[in-house]
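Okay, so here's the structure we're looking at.
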Amino acid sequence: MEDHCYMTQVYINQLNNYKDKEVCLKGWLYNKRSSGKMQFLLVRDGTGLVQCVLFKGDASEELFNLCGTIPQESSVIVNGTVREDKRSPGGVELTILDINVVQKAEEYPISLKSHGPDFLLGNRHLWIRSKKQHATLRIRDEVVKAIRDYFYEKDFVLIDAPVFTPAACEGTTTLFEVDYFDDKAYLTQSGQLYMEAACMAFGKVYCFGPSFRAEKSKTRKHLTEFWMVEPEIAYADLSDVMDMTEDFVSYIVQRVIKNRPDELEALERDISLLKKIVPPFPRLSYTEAVDLMQKGGHEFEWGGDLGAPDESFIVEQFEKPVLIHRFPAKVKAFYMKNDPEDNNLALCVDMLAPEGVGEIIGGGQREDELDILSEKINRHNLPEEAFKWYLDLRRYGSVPHAGFGLGIERVVGWLCGSSHVRETIPFPRMLYRIYP
RNA sequence: UCCCUGGUAGCUCAAUGGUAGAGUAUCCGGCUGUUAACCGGAGUGUUGUAGGUUCGAAUCCUACCCAGGGAGCCA
């Protein structure tokens with residue numbers, strides 16, 4: 001292969017630095033067009049797309065004919081001269097000197113025309129080569145890097161939570177059960193309980209990994225396997241966590257706007273909406289949210305959890321994500337601490353993102369008193385022996401602590417304007433879909 | 001689990017009871033600046049499966065399978 005690349009190998013996103021120089025591109029044929037005595041080959045290499053041009057008069061007949069017959073997605077090595085040209089997409093193009101077909105592709109199933117979701121998901125391994133999918137996954141990469149940078153800069157310690165867990169955090173009905181030698185184990189649905197242990201050891205911690213939910217949800221917001229980042233902070237309360245969520249989410253959004261403008265543009269995303277995402281975010285207590293709905297003519301009775309239409313109604317009143325805190329304790333998980341000012345309320349917070357995205361964060365302050373937590377575990381009919389270690393945390397130096405979980409795919413979907421979270425993870429796992 | 005929508009060519013769709021079609025992809029031909037290029041030509045079918053109604057079913061009925069969207073639940 002080396003003898004076909006006799007010039008400097010350059011990635012497409014670096015071509016601007018090689019104007020009028022001869023370079024070698026290694027990539028795949030994205031699309032081709034011809035116009036009689038000209039061939040236009042659109043080549044991608046993972047970093048971008050560039051148009052490669054060949055005039056019939058400038059090339060041997062063999063080379064010219066070859067260019068016209070290379071099938072879509074064939075792997076190619078192209079030698080050529082970089083030229084500035086306004087007619088070319090991207091403003092830079094390559095005048096072809098030589099081309100080597102590494103592998104002539106078979107008939108490629110994904111055309112540049114429209115396809116249905118079933119077909120595309122069945123061809124996900126190829127679909128990720130397409131422009132919008134490529135941009136989405138690049139933005140995911142940026143979101144993940146932003147998250148890691150944010151926590152690193154704030155002296156959080158990454159503590160990976162286990163994927164195999166002995167029992168449920170919040171009941172077993174929505175867990176994937178697996179054989180674990182002669183026993184049963186479950187795939188984690190949250191690393192939170194382990195983060196509570198870890199924050200008592202390291203102060204400020206987070207985990208970042210996959211979560212599994214065996215819920216039979218068939219909506220654009222659900223995957224059975226999704227990625228979640230979960231920070232947990234010792235000596236923090238609900239107010240600290242609310243401050244952090246808006247700072248954190250704003251940081252992620254602004255990082256993506258700054259570092260991934262080309263990808264956002266490829267996705268035709270309206271950036272003006274995202275630019276507004278800076279602290280502070282509107283904050284409503286659950287009770288205030290109920291009031292807002294009732295005054296706005298949206299029927300809702302105090303006491304129930306917010307359903308999807310209720311969330312939409314609230315979010316539509318604002319341009320930024322909305323923080324809703326202090327839900328009725330009854331509708332929230334057992335580990336939430338009750339509000340000392342009103343024992344019917346939990347010290348929890350949800351962040352609802354705009355543009356129909358909905359909940360991207362759930363979090364709050366944890367119950368730190370042994371007796372109360374033990375009582376709550378019993379009341380929820382959870383196996384106490386499985387939570388012995390968790391209760392230990394309230395025996396040995398218990399302190400107020402709080403944290404939250406943020407769903408990566410929903411955030412990426414929001415930033416990309418995706419119609420479905422399945423496009424925001426490389427290989428989505430969904431109800432009845434585990435191929436490829 | 002429930003509700004709604006759909007399943008026809010490789011792909012995207014049309015045909016609403018009377019000979020199953022178009023675009024695209026593929027192959028051939030044309031064009032010196034194409035931008036999902038365009039123009040001309042060619043081949044392409046177990047109409048999701050099984051049964052039923054009918055002279056006749058892609059079309060109507062029943063069951064099942066598969067997919068999409070939503071509810072619940074959640075991130």
Side-chain angles (χ1 to χ4, degrees), chain A residues 30-42 49-59 64 68-69 71-73 83 85-91 93 95 105-123 126 130-132 169-171 173-175 189-192 210-230 245 304-312 331-333 350-353 356-363 404-414 419-422 424-425 430-433:
Chain A
Y30 190 74
N31 191 19
K32 67 173 188 289
R33 296 180 277 267
S34 69
S35 180
K37 308 253 174 350
M38 302 185 70
Q39 300 281 1
F40 300 93
L41 305 186
L42 211 52
L49 270 175
V50 69
Q51 178 169 279
C52 303
V53 184
L54 188 65
F55 291 80
K56 189 163 193 176
D58 294 351
F64 188 83
T69 59
Q72 186 189 1
E73 284 301 326
R83 287 247 162 73
D85 193 315
K86 282 177 188 153
R87 292 168 295 187
S88 181
E93 65 184 21
T95 302
E106 292 178 24
E107 188 177 332
Y108 192 64
I110 300 180
S111 74
L112 298 178
K113 301 274 179 180
S114 63
H115 295 284
D118 186 35
F119 176 79
L120 289 169
L121 288 165
N123 286 286
L126 304 175
S130 301
K131 209 181 281 179
K132 288 192 177 180
C169 301
E170 308 169 34
T173 51
T174 62
L175 290 176
Q189 62 178 183
S190 166
Q192 182 205 312
S211 283
F212 305 88
R213 302 278 165 92
E215 292 155 359
K216 294 199 169 178
S217 301
K218 284 182 77 167
T219 81
R220 74 181 97 146
K221 296 175 186 176
H222 291 87
L223 299 168
T224 54
E225 178 181 328
F226 66 98
W227 281 62
M228 186 155 66
V229 58
E230 294 173 281
T245 56
D305 205 355
L306 298 180
D310 312 317
E311 288 183 357
S312 305
V331 302
K332 288 294 176 180
D350 283 359
M351 185 187 287
L352 308 180
V357 174
E359 188 175 348
I360 55 171
I361 280 177
F404 64 88
L406 173 135
I408 303 307
E409 288 76 17
R410 288 187 182 174
V411 170
V412 175
W414 170 36
S419 55
H420 196 302
V421 289
R422 65 191 168 207
T424 66
I425 187 166
M430 296 181 292
L431 184 62
Y432 308 133
R433 189 180 283 283

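In what follows, every chain begins at residue 1, and chains take the letters A, B, ... in the order their sequences are listed. It should be emphasised that the depicted structure is a prediction, and the values quoted were computed from it without experimental measurement.
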Annotated protein contacts, base or backbone, on nucleotides 25-33 of chain B with a non-hydrogen cut-off under 4.0 Å, one of B, S, - each: SS----BBB
N/O donor-acceptor pair, side chain A/Arg410 with base B/C74, under 3.5 angstrom: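 Present.
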Check: A/His115 side chain, B/C11 base, donor-acceptor under 3.5 Å: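 No such pair is found, so the answer is no.
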Could you work out the separation of [N] and [M] based on their [atom1] atoms and round it to a whole Å?
{"N": "B/A15", "M": "B/G7", "atom1": "P", "result": "10 Å"}
{"N": "B/G43", "M": "B/A22", "atom1": "P", "result": "11 Å"}
{"N": "B/G56", "M": "B/A67", "atom1": "P", "result": "35 Å"}
{"N": "B/C61", "M": "B/C4", "atom1": "P", "result": "14 Å"}
{"N": "B/U5", "M": "B/G21", "atom1": "P", "result": "30 Å"}
{"N": "B/C28", "M": "B/C64", "atom1": "P", "result": "49 Å"}
{"N": "B/U46", "M": "B/U8", "atom1": "C1'", "result": "12 Å"}
{"N": "B/C3", "M": "B/C39", "atom1": "P", "result": "48 Å"}

Heavy-atom closest contact ([X] atom, [Y] atom, distance):
{"X": "A/Tyr30", "Y": "A/Gln72", "value": "O-CG, 3.6 Å"}
{"X": "A/Lys32", "Y": "A/Gly68", "value": "CE-O, 3.2 Å"}
{"X": "A/Ser34", "Y": "A/Gln39", "value": "CB-OE1, 3.4 Å"}
{"X": "A/Phe40", "Y": "A/Ser35", "value": "CE1-CB, 4.3 Å"}
{"X": "A/Ser217", "Y": "A/His222", "value": "CB-CG, 3.4 Å"}
{"X": "A/Glu230", "Y": "A/Gln192", "value": "OE2-N, 3.5 Å"}

Touch class at under 4.0 angstrom, heavy-atom based, for [X] against every strand present:
{"X": "A/Pro109", "value": "nothing"}
{"X": "A/Phe226", "value": "base"}
{"X": "A/Gly358", "value": "nothing"}
{"X": "A/Lys218", "value": "base"}
{"X": "A/Leu42", "value": "nothing"}

Residue [X], side-chain heavy atoms: nucleotide from [options] that is nearest:
{"X": "A/Leu121", "options": "B/U34, B/G68, B/C74", "result": "B/G68"}
{"X": "A/Ala308", "options": "B/A67, B/C74, B/G72", "result": "B/G72"}
{"X": "A/Arg213", "options": "B/A36, B/U1, B/C74", "result": "B/C74"}
{"X": "A/Asn31", "options": "B/C74, B/A67, B/A36", "result": "B/A36"}

Salt bridge (Lys or Arg N to Asp or Glu O under 4.0 Å) assessment of A/Lys37 paired with A/Asp58: CA-CA 10 Å; A/Lys37 308 253 174 350; A/Asp58 294 351; over 6 Å; no
Write out a two-atom table: protein N or O, nucleotide N or O from nucleotides 40-49 of chain B, distance below 3.5 Å.
none

Give the rounded distance in Å between these two atoms: [atom1] of [X] and [atom2] of [N].
{"X": "A/Leu112", "N": "B/U34", "atom1": "CG", "atom2": "P", "value": "18 Å"}
{"X": "A/Leu41", "N": "B/U34", "atom1": "CG", "atom2": "P", "value": "16 Å"}
{"X": "A/Leu175", "N": "B/A75", "atom1": "CG", "atom2": "C1'", "value": "15 Å"}
{"X": "A/Leu431", "N": "B/C66", "atom1": "CG", "atom2": "C1'", "value": "12 Å"}
{"X": "A/Lys216", "N": "B/C74", "atom1": "NZ", "atom2": "P", "value": "18 Å"}
{"X": "A/Phe119", "N": "B/C13", "atom1": "CZ", "atom2": "C1'", "value": "15 Å"}
{"X": "A/Asp310", "N": "B/A71", "atom1": "CG", "atom2": "C1'", "value": "12 Å"}
{"X": "A/Arg33", "N": "B/U24", "atom1": "CZ", "atom2": "P", "value": "16 Å"}

Sidechain-backbone polar pair: A/Glu225 side chain, A/Pro210 backbone, donor-acceptor under 3.5 Å: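 The answer is no, because no donor-acceptor pair under 3.5 Å joins these two groups.
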A/Arg422 side-chain N/O to A/Met430 backbone N/O, donor-acceptor pair under 3.5 Å: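 Between the backbone of A/Met430 and the side chain of A/Arg422 there is no qualifying donor-acceptor contact (under 3.5 Å).
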Donor-acceptor side-chain pairing of A/His115 and A/Ser111 below 3.5 angstrom: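 The criterion, which ignores hydrogens and geometry beyond distance, is satisfied for A/Ser111 and A/His115.
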Verify the contact: side-chain N or O of [X] to OP1 or OP2 of [N], cut-off strictly under 4.0 Å; return yes or no.
{"X": "A/Arg433", "N": "B/G68", "result": "yes"}
{"X": "A/His420", "N": "B/G69", "result": "yes"}
{"X": "A/Arg422", "N": "B/A67", "result": "no"}

Residue whose nearest RNA chain B nucleotide is more 5′ - A/Ser114 or A/Pro117: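 Looking at RNA chain B, the more 5' nearest nucleotide goes with A/Ser114.
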Atom pair CD (A/Gln189) and OG1 (A/Thr174), whose distance is rounded to the nearest 0.5 Å: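 One gets 4.5 Å once the value is rounded to the nearest 0.5 Å.
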Straight-line distance of A/Leu126 CG to A/Glu73 CD, nearest 0.5 Å: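 Separation between the atoms: 8.0 Å.
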Close side-chain approach of A/Met228 to A/Leu406, heavy-atom, < 4.5 Å: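 No, every pair of side-chain atoms sits at 4.5 Å or beyond.
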Bracket string, RNA chain B, 5' to 3' - pairs by Watson-Crick or G-U geometry under 3.5 Å, | interstrand: (((((((..((((....[..)))).(((((.......))))).....(((((..]....))))))))))))....
Residue pair A/Asp85, A/Arg83: steps toward the salt bridge (Lys or Arg N to Asp or Glu O under 4.0 Å) verdict: CA-CA 6 Å; A/Asp85 193 315; A/Arg83 287 247 162 73; over 6 Å; no
